[in-house]
Enquirer: 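Before I ask anything, here is the structure I am working with.
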Amino acid sequence: MKSVASKRQQPPGADSVSVEIQFEDNAMAQELFGSHHSNLARLEQLLDVSIHPRGNELTIVGDAGGVNDAGDVLEALYNRLERGLGVSQDEVDAAVRMSGDVSVKAEKNDITVHTQNRSITPRSSTQAAYLRAVDAHDLVFSQGPAGTGKTYLAVAKAVELLVSGAVDRIILSRPAVEAGEQLGFLPGDMREKVDPYLRPLYDALYDMLPAPQVEKRLENGEIEVAPLAFMRGRTLSNAFVILDEAQNTTAVQMKMFLTRLGENARMVITGDLSQVDLPRGIRSGLRDAMETLGGVDGVAFVEFTSTDVVRHPLVSRIVKAYDAVESDRRAAAPYEKVGNATGKGNDNA
């Protein structure tokens with residue numbers, strides 16, 4: 001943060017402290033504060049501090065922890081502006097989430113994924129760890145609730161590597177469980193049959209690249225979006241490969257997919273084990289693979305939680321509420337399992 005003055009003072013007889021900060025760049029300071037100081041108001045709400053701006057200066061008042069965190073957040077956001085990145089209330093929320101993570105503070109400014117439509121930075125410490133894992137490993141498993149950015153960040157990284165020439169193509173896949181993989185019974189041609197199940201992947205692509213480029217790369221094969229059933233028998237080389245909704249694969253399907261990995265390729269597997277749609281008694285391939293490959297060199301595992309949800313704040317509270325109810329149910333009946341036709345427990349749990 002470019003500040004020419006920073007002064008801390010302890011008001012006599014009070015538990016609060018204050019910090020005065022002055023920014024060098026007037027215009028950048030106003031962008032940091034937000035329209036009608038909306039970013040500062042959000043920071044006050046999240047950290048329980050008072051912020052008093054005047055020109056390109058501000059004073060932060062509150063308990064020592066909140067004041068220090070607010071200063072760190074403002075420093076991180078000002079650094080974003082210096083690097084030509086925008087600051088929104090979403091970015092304020094993200095910076096607050098990351099303000100307490102010392103390991104992320106040291107390097108978060110260097111973790112940026114560049115695509116043609118936008119530059120993307122992690123919005124939680126787990127997202128930062130996820131991006132570092134993707135950079136360092138050929139195979140990464142990411143598991144956790146919806147809204148944590150598992151698929152979005154993987155697609156962003158894939159697009160970055162494709163545009164830079166590090167890989168020749170992107171392959172995006174999902175199991176079409178809702179269709180029972182009986183795609184022949186659905187109306188339309190093959191693309192019309194599978195598109196509804198692959199739409200989230202298309203949405204992420206169009207967020208990263210201009211629409212004409214997405215269409216062109218889909219046509220020439222640089223980007224391929226296909227259901228899992230289409231992967232059998234292939235070798236995926238010089239590619240960034242993503243398997244989304246992997247909790248809905250069987251163990252056999254997962255092994256098939258993982259063994260498609262070819263030369264100069266990397267693979268990201270994403271899923272949410274709390275939302276398995278497989279029939280009772282069929283073990284999730286995601287769970288099976290995570291247990292089987294735990295000690296294998298070159299494989300990384302990233303676990304997201306409700307605190308990493310970066311969608312609407314209500315989504316995080318919804319996930320936490322479901323987790324709490326599920327925990328209470330397990331505590332009330334720790335030995336109860338849902339049976340199937342053979343009398344065995346449901347292996348998805």
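Below, each value reflects all heavy atoms present in this structure, side chains not excepted, and no hydrogens, waters or symmetry copies.
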Enquirer: Does L209 reach the side chain of V163, with side-chain heavy atoms less than 4.5 Å apart?
Expert: yes
Enquirer: Restricting to non-hydrogen atoms, name the atom on M231 and the atom on S173 that form the minimum distance, rounded to 0.1 Å.
Expert: CG-OG, 4.1 Å
Enquirer: Rounded to the nearest 0.5 Å, what separation is found between the CE atom of M208 and the CD1 atom of I223?
Expert: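 Between M208 CE and I223 CD1, I get 11.0 Å after rounding to 0.5 Å.
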Enquirer: Apply the test side-chain contact (heavy atoms from CB on, under 4.5 Å) to residues T307 and T126: give CA-CA distance (whole Å), side-chain angles for both, the deciding distance (0.1 Å), then the verdict.
Expert: CA-CA 9 Å; T307 60; T126 309; 5.9 Å; no
Enquirer: Which heavy atom in V309 sits nearest to a heavy atom in A146, and how many Å separate them?
Expert: CG2-O, 3.7 Å
Enquirer: Show your reasoning for whether side-chain contact (heavy atoms from CB on, under 4.5 Å) applies to L58 and L74.
Expert: CA-CA 11 Å; L58 55 77; L74 289 167; 4.0 Å; yes
Enquirer: Heavy atoms, side chains only, cut-off 4.5 Å: are I170 and V159 in contact?
Expert: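 Yes, side chains in contact.
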Enquirer: Side-chain contact, heavy-atom cut-off 4.5 Å: L218 with Y202?
Expert: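 Result yes, sub-4.5 Å side-chain heavy-atom pair found.
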Enquirer: For S124 and D308, run side-chain hydrogen bond (donor to acceptor under 3.5 Å, both in side chains): C-alpha distance rounded to whole Å, both residues' side-chain angles, the deciding distance at 0.1 Å, then the answer.
Expert: CA-CA 6 Å; S124 73; D308 299 304; 3.1 Å; yes
Enquirer: Looking at CD of Q116 and CG of L162, how far apart are the two atoms once the value is rounded to the nearest 0.5 Å?
Expert: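 So the gap between those two atoms works out to 9.5 Å.
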Enquirer: State whether the side chain of Q213 and the backbone N or O of P210 hold a donor-acceptor pair below 3.5 Å, judged by distance alone.
Expert: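 No, Q213 side chain to P210 backbone: no donor-acceptor pair under 3.5 Å.
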Enquirer: Quick one, D25 and E82 - any side-chain contact, counting heavy atoms below 4.5 Å?
Expert: no
Enquirer: If you round to the nearest 0.5 Å, how far is OG1 of T148 from CG of L153?
Expert: 8.5 Å
Enquirer: Check this for me: D203, atom CG, are more than 12 non-hydrogen atoms of other residues, nucleotides or ligands nearer than 6.0 Å?
Expert: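 Yes.
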Enquirer: Please determine whether side-chain contact (heavy atoms from CB on, under 4.5 Å) holds for the pair I171 and R234, giving the CA-CA distance in whole Å, both sets of side-chain angles, and the decisive distance to 0.1 Å.
Expert: CA-CA 12 Å; I171 298 173; R234 302 178 58 183; 4.2 Å; yes
Enquirer: Say whether, by atom type as modelled, one donor and one acceptor occur between the side chain of R169 and the main chain of N238 under 3.5 angstrom.
Expert: no
Enquirer: May I ask you to say whether K157 pairs ionically with D135, meaning some side-chain N is under 4.0 Å from a carboxylate O?
Expert: yes
Enquirer: Can you get from V225 to Y206 by hopping between Ile, Leu, Val, Met, Phe, Trp and Tyr side chains that sit under 4.5 Å apart?
Expert: yes
Enquirer: If every non-hydrogen atom of I111 is compared with every non-hydrogen atom of A128, which pair is closest and at what distance?
Expert: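 Closest approach of I111 to A128: CD1-CB, 3.8 Å.
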Enquirer: Just wondering, are more than 12 heavy atoms of other shown residues or ligands nearer than 6.0 Å to CZ in R54?
Expert: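 Atom CZ in R54 is crowded, with more than 12 foreign heavy atoms closer than 6.0 Å.
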Enquirer: Work out which heavy atom in P175 is nearest to a heavy atom in T249; give both atom names and the distance.
Expert: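 So the two residues come closest at CG-CG2, 4.0 Å.
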Enquirer: Identify whether the distance between the nearest side-chain nitrogen and carboxylate oxygen of E219 and K216 falls below 4.0 Å.
Expert: no
Enquirer: Determine, stepwise, if the pair T270 / F304 fulfils side-chain contact (heavy atoms from CB on, under 4.5 Å).
Expert: CA-CA 11 Å; T270 72; F304 288 88; over 6 Å; no
Enquirer: Run through V87, L77, L32 and flag the one making a side chain to side chain contact (heavy atoms under 4.5 Å, CB included) with N39.
Expert: V87
Enquirer: For P145 and S306, which heavy atoms make the closest approach, and how far apart are they?
Expert: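 It is CG-N, 3.9 Å.
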Enquirer: Does any N or O in the side chain of Q22 come within less than 3.5 Å of the main-chain N or O of E57, such that one atom is a donor and the other an acceptor?
Expert: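 Side chain of Q22 to backbone of E57: no pair is present.
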Enquirer: Assess whether a salt bridge exists between R42 and D93, defined as any Lys/Arg side-chain N lying under 4.0 Å from an Asp/Glu carboxylate O.
Expert: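 Answer for the salt bridge query: yes.
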Enquirer: Search all heavy atoms of Q30 against all heavy atoms of G55 and return the closest pair with its distance.
Expert: NE2-O, 2.8 Å
Enquirer: Tell me if a side-chain donor or acceptor on N56 pairs with a main-chain N or O of A29 at a distance below 3.5 Å.
Expert: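 Not at all, since once roles are kept as given, no pair shorter than 3.5 Å links the two residues.
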Enquirer: Counting N and O atoms only, with roles assigned by atom type, does the side chain of R80 sit under 3.5 Å from a partner on the main chain of A76, one being a donor and the other an acceptor?
Expert: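 A pair under 3.5 Å: no.
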Enquirer: Kindly say whether A204 contributes a backbone atom to a donor-acceptor pair with the side chain of Y152 at under 3.5 angstrom?
Expert: no
Enquirer: For the backbone of Q275 and the side chain of Q247, can you confirm whether one donor and one acceptor N or O come within less than 3.5 Å of each other?
Expert: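 Such a contact is found between Q247 side chain and Q275 backbone.
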Enquirer: Please tell me whether L85 and V73 are part of a single hydrophobic cluster in this structure, the criterion being side-chain heavy atoms less than 4.5 Å apart.
Expert: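 In one cluster: no.
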Enquirer: Give, for atom CE of M290 and atom OG of S142, the distance between the pair rounded to the nearest 0.5 Å.
Expert: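 Spacing of CE (M290) from OG (S142) equals 8.5 Å.
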Enquirer: Let me confirm one number: the CD-OG1 distance from E263 to T235, rounded to the nearest 0.5 Å.
Expert: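 Those atoms lie 11.0 Å apart.
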Enquirer: Within the distance-only criterion (no hydrogens, no angle test), does the side chain of K150 pair as donor or acceptor with the backbone N or O of F141 below 3.5 angstrom?
Expert: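 Judged by distance alone, no pair lies under 3.5 Å.
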Enquirer: Only one of I269, V140, L293, L139 passes side chain to side chain contact (heavy atoms under 4.5 Å, CB included) with F301; say which it is.
Expert: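 Result for side chain to side chain contact (heavy atoms under 4.5 Å, CB included) with F301: L293.
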Enquirer: Supply the atom-to-atom distance E44 CD to I60 CD1, rounded to the nearest 0.5 angstrom.
Expert: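 Between E44 CD and I60 CD1, I get 9.5 Å after rounding to 0.5 Å.
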Enquirer: Quick check: do L161 and R266 have side-chain heavy atoms less than 4.5 Å from each other?
Expert: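 Yes - at least one pair of side-chain heavy atoms lies under 4.5 Å apart.
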